[in-house]
Amino acid sequence: MNHICLLLLLLLQVLKSMPAYFEELKSQLSYPMSWQKNAEVKDFDAWRTESRQLVYDLMGNVPPAPASYDMTVVDAERREGYVAYKIEFNISAWERIPAYLLVPGVPVSSDMKKLPASHKKMPAIVALHDHGAHFTIGKEKMIRPFNVSEELMTDAVSWAEKNYDGVFYGDYLASKGYVVLSIDALFWGDRGRKEGPDYDAQQALASNFLQMGTSWGAIINLDDVRSAEFLASLPFVDAKRVGCCGHSMGGYRSWMLAALTDVITASANICWMNDTEHLMTLTNNQNKGGSAYSMLIPGLRNYLDYADVAAIACPKPELFF
């Protein structure tokens, strides 16, 4: 009987959606481009440039940058110490997206439907929403929405109460003098699935991107880079003081964004940092597929582990919880 059980175990090659030889696969990952592990690399700036370009190269076939942002204001609401704007701008040559933009200290006499053309330069933050397996809202997890359906408002308030002590932290930052921008990552909120949210559809979307030479994770990261570049281009933003922050998937997006562009000068990254050794186990959520695709750039682990990619942001100040 024991021999039969042993034979069955030998025949079974998949354990909890992991190959039975996953430990052997992990042992082959040497991360040859890691700054920490490659003693032959001496020039940090050269390593940083090469590693960042590698990440972009592995993103593959991505949408071209927009010829112009062509930003328009759709709606506005005055709040205590700042104005909340609903805007639209070109995130790529192929896609125009909605976003929320909070601008402190706009003069009372200004036309609220028009962004200030001349104003003091202010620091700015890209607020990056979480995953949460909750797709009906994205940017509304960061910034309190307005002039929306009762259902959407209830959704946003409930999410803030459940996850952020009832605080829309984009609004909190604006009340402290920061310009704040938040967009929907692709698959969330206004950029969601036209047929409605479906957890399993993440995998189909990711597969379709892979079939066309890119990845869902790459698109999310690239959109974040372009939204940061847009924010820094605004006339009332101090382009030398643009930061980013996020929690969970938003934390992952935050340190990736800091690594991928020098537009970001500081970041706060909450509850997302690990390494492949501890993520690729039989008990970690990362091995379940689905949501993991939103944080995956194929081939990257053959060169750099997660913290190695985050290190591209050095020597910027970064906070990790």
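Just so it is clear, the values below take in all heavy atoms, side chains as well, and ignore hydrogens, waters and symmetry mates.
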Do [X] and [Y] have a side chain donor and acceptor closer than 3.5 Å?
| X | Y | answer |
| --- | --- | --- |
| S17 | N287 | no |
| D155 | H134 | yes |
| T72 | R96 | yes |
| S51 | Y303 | no |
| S68 | D70 | no |
| D171 | Y82 | yes |
| S248 | H131 | no |
| W159 | D130 | yes |

*Report the C-alpha separation of D223 and R191 in whole Å, then their side-chain angles, then the decisive distance to 0.1 Å, and conclude whether the salt bridge (charged side-chain N to carboxylate O under 4.0 Å, His left out) test is met.*
CA-CA 12 Å; D223 285 350; R191 300 178 73 196; 2.8 Å; yes
*Please examine the side chains of Y56 and L260, heavy atoms only from C-beta on, and report whether any two atoms are closer than 4.5 Å.*
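In short, these two side chains touch, coming nearer than 4.5 Å.
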*Do I143 and V180 have side-chain heavy atoms sitting under 4.5 Å apart?*
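A side-chain contact under 4.5 Å exists here.
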*asked:* For Q53, I'd like to know if atom CD has over 12 heavy atoms of other residues, nucleotides or ligands within 6.0 Å.
replied: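 It does: Q53 CD has more than 12 such atoms within range.
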*Does K139 come within less than 4.0 Å of D190, counting only side-chain N to carboxylate O?*
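So K139 pairs with D190 through a salt bridge.
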_From CA spacing to verdict: salt bridge (charged side-chain N to carboxylate O under 4.0 Å, His left out), D57, R52_ = CA-CA 9 Å; D57 290 345; R52 177 181 286 174; over 6 Å; no
Before we go on, tell me: are the rings of [X] and [Y] under 6.0 Å apart, centre to centre?
| X | Y | value |
| --- | --- | --- |
| Y164 | Y169 | yes |
| Y293 | W216 | no |
| W272 | F320 | no |

*Rounded distance (nearest 0.5 Å) linking atom CG of L257 with atom CD1 of I264*: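 These two atoms lie 4.0 Å from each other.
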*With K86 as the cation and F146 as the aromatic partner, state whether NZ or CZ is under 6.0 Å from the six-membered ring centre and within 45° of the axis.*
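Flagged: K86 positioned over aromatic ring of F146.
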*Mark yes or no: R301 above the aromatic ring of Y306, with NZ or CZ under 6.0 Å from the six-membered ring centre and no more than 45 degrees from the axis.*
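R301 over Y306 ring: yes.
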*Criterion salt bridge (charged side-chain N to carboxylate O under 4.0 Å, His left out) on R226 and E229, from CA distance to verdict*: CA-CA 5 Å; R226 289 175 177 168; E229 292 170 345; 5.4 Å; no
